[in-house]
2 protein chains.
Amino acid sequence: MKSTTEIEELGLTKQRKVVLSVIMDSKEHLTANEVFELSKGLLPKISFATVYNSLRYLKEEGLISEVNFGSGASKYDRMTDRHDHAICSSCGKLVDIRLDLPEELIRQAAKHSKFRPESLELTLRGTCPECK
Amino acid sequence: MKSTTEIEELGLTKQRKVVLSVIMDSKEHLTANEVFELSKGLLPKISFATVYNSLRYLKEEGLISEVNFGSGASKYDRMTDRHDHAICSSCGKLVDIRLDLPEELIRQAAKHSKFRPESLELTLRGTCPECK
DNA sequence: CGTTGAATTTAGAATAATTCTAATTCTAAG
DNA sequence: CTTAGAATTAGAATTATTCTAAATTCAACG
C-alpha cells in the first residue's frame, strides 16, 4: 500500500485523481461504468476511455485492484491492506474481509504451484445475512 | 463433487454432454469461446448460445466452475475436489493447486463476513516458472 | 515566451463477451 | 399420435472493454 507522499510523487493527472477519489470514497466495489458515472459528477467532460485508462494505470501502480467473480463486469476496489473477499452466491453481494492467513499457507501455495509468490487472497462463497 | 451415477441421473442432453466432456478432457482452463470451438469438433451444429446455456446449467449443477481473474473472458474449470488457483501476474497462466486449508480459516472467514459459509478458495498471485 | 515532443485525454468507432429472441426441434407423458 | 415443456438454433441485441485518430496538456529547451 502506497503512502500519501508516494501517491503525490506520481503526479497524477486531474482525471486520474478523480477516478482514484471516486474509488477511495466509495463503500462499495464499483464497476467501470459506475466509476465513469460518478467521475462525471466531478469532471463532466471525462470520457469513458479515460476512465478505463486510469483504472489500468492505477491498478498498475497498485493503488486499486480489480476483482471479478464470474458474473458480469469487473469491479474496482480501493487498495488498503491485504484483504480477502466474501461473495454471496445468492445476490452477488461482495464484501471485504480481513483474515490472518498463516505464513505457512503462502509457502505451501508457492511450493505446490512452483510460482514465485507475490500475494495470497482468500474468497469465501456463501450466503449473506440479507439472503438469510 | 458429483459421482458418475449422479451425473447420469441428470439425464444430460447431447449438447450438455459434449460441453462437459470438452471441459473434463482439457488440461487447461477454457474460455467459452474455446469450449465452443472444441465442441464444434464433436457436434458441428452446436450453437454459441447452447454453449453458454450449457455452461450455466453445468455450473448450477456443480459439475464445472467459472473463474475470472479480471482480464478478459471467464474461464471454465472442471470441478474435481475443492481446489485453489495460482495465477501468473506476468503471463496470466492459471493453474490449479490443492491446499490443505485449516478448518479454523473458514470459521474465521464466516465470522468476519457474517455470511453462512459454503466454500473457501485461495488464490496465489505470483510469477510462474516460465516467466522466471 | 514560442516550439517541440511525449504523454494524456477525448469522442466515437471497433471489438469482444455475453445474453436475448423467436422460431424450431426434441422428449417424455398422456 | 398429440401435446406441452424444455432445450436448441441462428442471429440479433446488449454489455463490457479496447482501439483509433485528432486534439490537448505540459514540461523541457532554445
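Just so it is clear, the values below take in all heavy atoms, side chains as well, and ignore hydrogens, waters and symmetry mates. Letters go in sequence order (proteins before strands), and every chain restarts at 1.
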J.: Does anything in residues 11-24 of chain B come within less than 4.0 Å of DNA chain D? Heavy atoms only, and list the residues if so.
T.: B/T13, B/Q15, B/R16
J.: Under 3.5 Å, sequence neighbours excluded: what are the donor-acceptor pairs made by side chains of residues 98-110 of chain A?
T.:
from: A/E104; atom 1: OE1; to: A/R107; atom 2: NH2; distance (Å): 3.3
from: A/Q108; atom 1: OE1; to: B/D100; atom 2: N; distance (Å): 3.1

J.: Going by atom type alone, with no hydrogens or angles, which donor-acceptor pairs under 3.5 Å involve a side-chain atom of residues 56-65 of chain B and a protein atom two or more places apart or on another chain?
T.:
from: B/R56; atom 1: NH2; to: B/N53; atom 2: OD1; distance (Å): 3.0
from: B/K59; atom 1: NZ; to: B/E66; atom 2: OE1; distance (Å): 2.5

J.: Considering non-hydrogen atoms only, spot the tightest contact between B/N33 and B/F48 and give its length.
T.: OD1-CE1, 3.4 Å
J.: Of all nucleotides in DNA chain C with an atom under 4.0 Å from a non-hydrogen atom of chain A, which is the first and which the last going 5' to 3'?
T.: C/dT8 to C/dG12
J.: Parallel, tilted or perpendicular: which describes the rings of A/H85 and A/H29, with under 30° parallel and over 60° perpendicular?
T.: perpendicular
J.: Any heavy-atom pair between the side chains of A/E34 and A/Y76 that's under 4.5 Å?
T.: no
J.: Between the protein and nucleotides 13-18 of chain D, list every N/O to N/O distance that falls short of 3.5 Å.
T.:
from: D/dT17; atom 1: OP1; to: A/S74; atom 2: N; distance (Å): 3.3
from: D/dT17; atom 1: OP2; to: A/Y52; atom 2: OH; distance (Å): 2.5
from: D/dT17; atom 1: O5'; to: A/Y52; atom 2: OH; distance (Å): 3.0

J.: So, B/R125 side chain and A/E121 main chain: donor-acceptor pair closer than 3.5 Å or not?
T.: no
J.: Is the backbone N or O of A/V35 less than 3.5 Å from a side-chain atom of A/S39, with the two atoms forming a donor-acceptor pair by type?
T.: yes
J.: Check whether any side-chain heavy atom of B/F115 lies under 4.5 Å from a side-chain heavy atom of A/V95, and answer yes or no.
T.: yes
J.: Hey, does the side chain of A/R82 reach the backbone of A/L120 with a donor-acceptor pair shorter than 3.5 angstrom?
T.: yes
J.: Who passes ring-ring contact (aromatic ring centres under 6.0 Å, His included) against B/H112, sequence neighbours left out?
T.: none
